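One structure is given here, and the rest of the page talks about it.
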Amino acid sequence: QVQLEESGGGSVQPGESLRLSCVTSARTFRNSAMAWFRQAPGKQREFVAAVSRSGAGARYGEFVRDRFTISIDSSKNTVYLQMNGLQPEDTALYYCAAHETPGSWRLPEDDEFEYWGQGTQVTVFS
C-alpha cells in the first residue's frame with residue numbers, strides 16, 4: 001500500500017513562508033513522479049506543482065508566479081514545497097500525490113496522480 005505523509009503546514013501572516021514536506025517509501029519515491037495539490041473550502045482541488053522522478057523537471061500552476069518551488073531529496077524519500085510570499089488566497093489543505101511512471105523525466109498530467117496523502121493545512125491570515 002502506498003503511503004504519503006505530509007507535514008509542515010501551519011498558520012502564518014501574509015508575506016511569510018512555509019515549507020511543506022511529504023515522505024513516502026523508498027519504492028514509491030524511486031518509481032514515482034510527485035506533486036502537490038490544494039483544496040480550499042468550497043472550491044475544487046487545484047494543481048500546485050509537480051516534479052519528475054529524476055527531480056530535473058518541474059511544472060507549476062499558473063497562480064504560483066515564481067513564489068513556490070518543488071524539490072526532492074532522494075536520500076530522505078521526500079518531496080518539498082517551499083512557499084514564499086504567502087497570501088490569504090493560498091489558504092487551503094495541501095495534498096501530496098504520486099504517480100508511478102517508468103519515465104524518469106516525465107511530468108504527469110493532473111489527473112494521472114493515483115496516490116494521495118491526507119493533507120496538511122495552510123492558513124494565511126487576512
Side-chain angles (χ1 to χ4, degrees):
Q1 184 177 355
V2 174
Q3 290 190 323
L4 304 170
E5 185 172 351
E6 304 99 332
S7 62
S11 299
V12 297
Q13 298 290 336
E16 293 186 340
S17 300
L18 283 173
R19 188 179 77 160
L20 307 184
S21 301
C22 173
V23 62
T24 187
S25 69
R27 180 192 178 282
T28 296
F29 189 86
R30 184 171 58 247
N31 294 326
S32 302
M34 306 293 292
W36 290 95
F37 290 77
R38 70 184 188 182
Q39 188 166 19
K43 295 187 177 181
Q44 290 188 333
R45 188 171 62 199
E46 180 178 37
F47 170 76
V48 178
V51 63
S52 62
R53 276 178 50 195
S54 68
R59 66 182 181 93
Y60 295 90
E62 291 185 1
F63 68 90
V64 170
R65 297 190 295 271
D66 297 326
R67 298 182 300 134
F68 298 176
T69 302
I70 190 169
S71 61
I72 61 172
D73 185 336
S74 300
S75 68
K76 297 180 179 179
N77 303 321
T78 299
V79 58
Y80 300 101
L81 183 69
Q82 177 66 45
M83 303 187 295
N84 300 326
L86 285 163
Q87 299 300 318
E89 55 265 33
D90 295 314
T91 295
L93 189 61
Y94 282 71
Y95 295 93
C96 177
H99 170 66
E100 292 190 350
T101 173
S104 62
W105 289 80
R106 186 169 179 269
L107 288 168
E109 298 296 322
D110 297 2
D111 59 0
E112 291 187 274
F113 290 91
E114 64 268 40
Y115 302 113
W116 297 85
Q118 295 298 308
T120 184
Q121 179 67 38
V122 172
T123 301
V124 186
F125 297 116
S126 57

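Small disclaimer: the values here were computed from a predicted structure and weren't measured. When a residue number appears, it is its place in the shown sequence, counting from 1.
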For this session: For the pair Glu46 and Glu62, evaluate side-chain contact (heavy atoms from CB on, under 4.5 Å) and give the outcome as yes or no after the intermediate values.
Result: CA-CA 10 Å; Glu46 180 178 37; Glu62 291 185 1; over 6 Å; no

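- Hydrophobic clustering (side-chain heavy atoms under 4.5 Å, transitive across Ile, Leu, Val, Met, Phe, Trp, Tyr) keeps Phe47 apart from Leu81.
- Electrostatic pairing of Arg59 and Asp110 counts as a salt bridge here, judged by a charged N lying under 4.0 Å from a carboxylate O.
- Between the side chain of Arg106 and the main chain of Ser52, no donor-acceptor pair closer than 3.5 Å is present.
- Between Asn84 and Ser17, the side chains place a donor N or O and an acceptor N or O closer than 3.5 Å (distance only, hydrogens not considered).
- Without hydrogens or angle criteria, His99 side chain to Pro108 main chain gives no donor-acceptor distance under 3.5 Å.
- With respect to Asp90 and Arg38, a salt bridge is recorded, a charged nitrogen being found less than 4.0 Å from a carboxylate O.
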Problem set entry | Derivation of the side-chain contact (heavy atoms from CB on, under 4.5 Å) call for Tyr94 and Met83 | CA-CA 12 Å; Tyr94 282 71; Met83 303 187 295; 3.7 Å; yes

Exercise. Should Phe125 and Thr91 be marked as a side-chain contact (heavy atoms from CB on, under 4.5 Å) after you check the CA-CA gap, both sets of side-chain angles, and the distance that decides it?
Worked result: CA-CA 8 Å; Phe125 297 116; Thr91 295; over 6 Å; no

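- When atom types are taken as modelled, the side chain of Glu6 and the backbone of Cys96 share a donor-acceptor pair closer than 3.5 angstrom.
- The backbone N or O of Gln1 lies less than 3.5 Å from no partner atom in the side chain of Tyr115, so there is not a single donor-acceptor pair.
- Tracing side-chain contacts under 4.5 Å through hydrophobic residues (I, L, V, M, F, W, Y), one reaches Phe29 starting from Val2; they form part of the same cluster.
- Closest of all the heavy-atom pairs between Gln118 and Tyr95 is O-CE2, 3.5 Å.
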